[in-house]
Amino acid sequence: MTGRALGNTSCQEMAGAYLAVGKFESMLISAMHMCDRVKLRKALGPDQGAWERSVAKKALLEGSTLGSLIKILERQNVDHADIAYLRWIKDKRDYFVHRLFHEGAWPGEMDEHECQLMRRRLIAIQLWLERGERNIWVIFKRAGFVELDLLSDGGLLAMNMGIYDMIQDDVARMNVDDGDNI
C-alpha cells in the first residue's frame, strides 16, 4: 500500500473515530434525557408543563461537557464501577479529541509503519466508544433508570422506569379519593 493510500485510510479512520465520539455523547445525552430518574441539580420548575421541562432538560444536558454528564450520573444511583468505566471511555475520547494530533499524527506526514499504528489506535478508539454507546443502556438498567427488553434482531427496547414513580403518585391519590386508604 502506498503512503498516500495509507494516509487516505488513516483519514477514514479519523473520521470514524470522530463519528464514534459524537454517537457516544449523543446516546448518553438521549438516555439521560429520557430517564425521569436522572435528576439535574438545576431545578426545571414544577410550574412548567411536561414538554417545557423536557425541552429544558435536553438543553441542559446538551450544553454539558462529557465530564459534567458523568458527574451528574455520579450523583445518581449509578455503581462506582460503571462511573469508572464511563470515565475510562471519556479518557479515550479525550485522548482522541485533545492529544492525538500533538503527537504529529497527520496522515501525510507519517511513514507506512506510523500510519499502520495510527490506524490500529483509531480503530481501537472507535470500538471502545461503540461498546460504550451500547453499554450505556446496561449501566442505566443496573441503576434502575430503565427496563430493557432485548429483541431477537439484536436491538433493545428501553422503558423509562420513572414512569412508575409518576403512576405511583396517581394511584395513591386514587386510593385516597376512593376511600381505600385504610
>> Between the side chains of Lys90 and Asp94, is the shortest nitrogen-to-carboxylate-oxygen separation below 4.0 Å, so that they form an ion pair?
In response: yes
> What pair of heavy atoms forms the shortest contact from Leu73 to Phe145, and how long is it?
Replying inline: CD2-CE1, 4.0 Å
>> Taking atom OH as the centre, does Tyr85 end up with more than 12 heavy-atom neighbours from other residues, nucleotides or ligands that are less than 6.0 angstrom away?
In response: yes
> Quick one: which of Leu61, Ile72, Leu69, Val146 gives a side chain to side chain contact (heavy atoms under 4.5 Å, CB included) with Val38?
Replying inline: Ile72
> Closest approach of Ala17 and Ile125, non-hydrogen atoms and distance?
Replying inline: CB-CG2, 4.4 Å
> How many angstroms lie between NZ in Lys141 and CE in Met161, if you round to the nearest 0.5 Å?
Replying inline: 10.0 Å
> Between Ile89 and Gly132, which heavy-atom pair has the shortest distance, and what is it?
Replying inline: CD1-CA, 4.2 Å
> Hey, what do you get for CE (Met32) to CG (Leu40), rounding to the nearest 0.5 Å?
Replying inline: 6.5 Å
> From Ser68 OG over to Leu60 CG, what is the distance, rounded to the nearest 0.5 angstrom?
Replying inline: 11.0 Å
> Under a single-linkage definition using a 4.5 Å side-chain heavy-atom cutoff for Ile, Leu, Val, Met, Phe, Trp and Tyr, are Leu66 and Tyr95 assigned to the same hydrophobic cluster?
Replying inline: yes
> Roughly how far apart are Met159 CE and Met34 CE, rounded to 0.5 Å?
Replying inline: 8.5 Å
> Hey, does the side chain of Arg142 reach the backbone of Asp79 with a donor-acceptor pair shorter than 3.5 angstrom?
Replying inline: no
>> Evaluate Glu13 against Gln126 for side-chain contact (heavy atoms from CB on, under 4.5 Å), listing each step before the verdict.
In response: CA-CA 8 Å; Glu13 301 305 340; Gln126 287 178 53; 3.0 Å; yes
>> Is there a path of hydrophobic side-chain contacts, each under 4.5 Å between heavy atoms of I/L/V/M/F/W/Y residues, joining Ile136 to Leu156?
In response: yes
> Hey, is the main chain of Asp36 close enough, under 3.5 Å, to the side chain of Asn160 for a donor-acceptor pair?
Replying inline: yes
> So with a 6.0 Å cut-off around NE2 of His80, is the heavy-atom count from everything else above 12?
Replying inline: no
>> As an exercise, state the distance from CD of Gln12 to CG of Leu122, rounded to the nearest 0.5 Å.
In response: 11.5 Å
> Are more than 12 heavy atoms from other residues, nucleotides or ligands located less than 6.0 Å from atom NZ of Lys58?
Replying inline: yes
> Could you give the distance from CG (Leu28) to CD1 (Ile70), rounded to the nearest 0.5 Å?
Replying inline: 7.0 Å
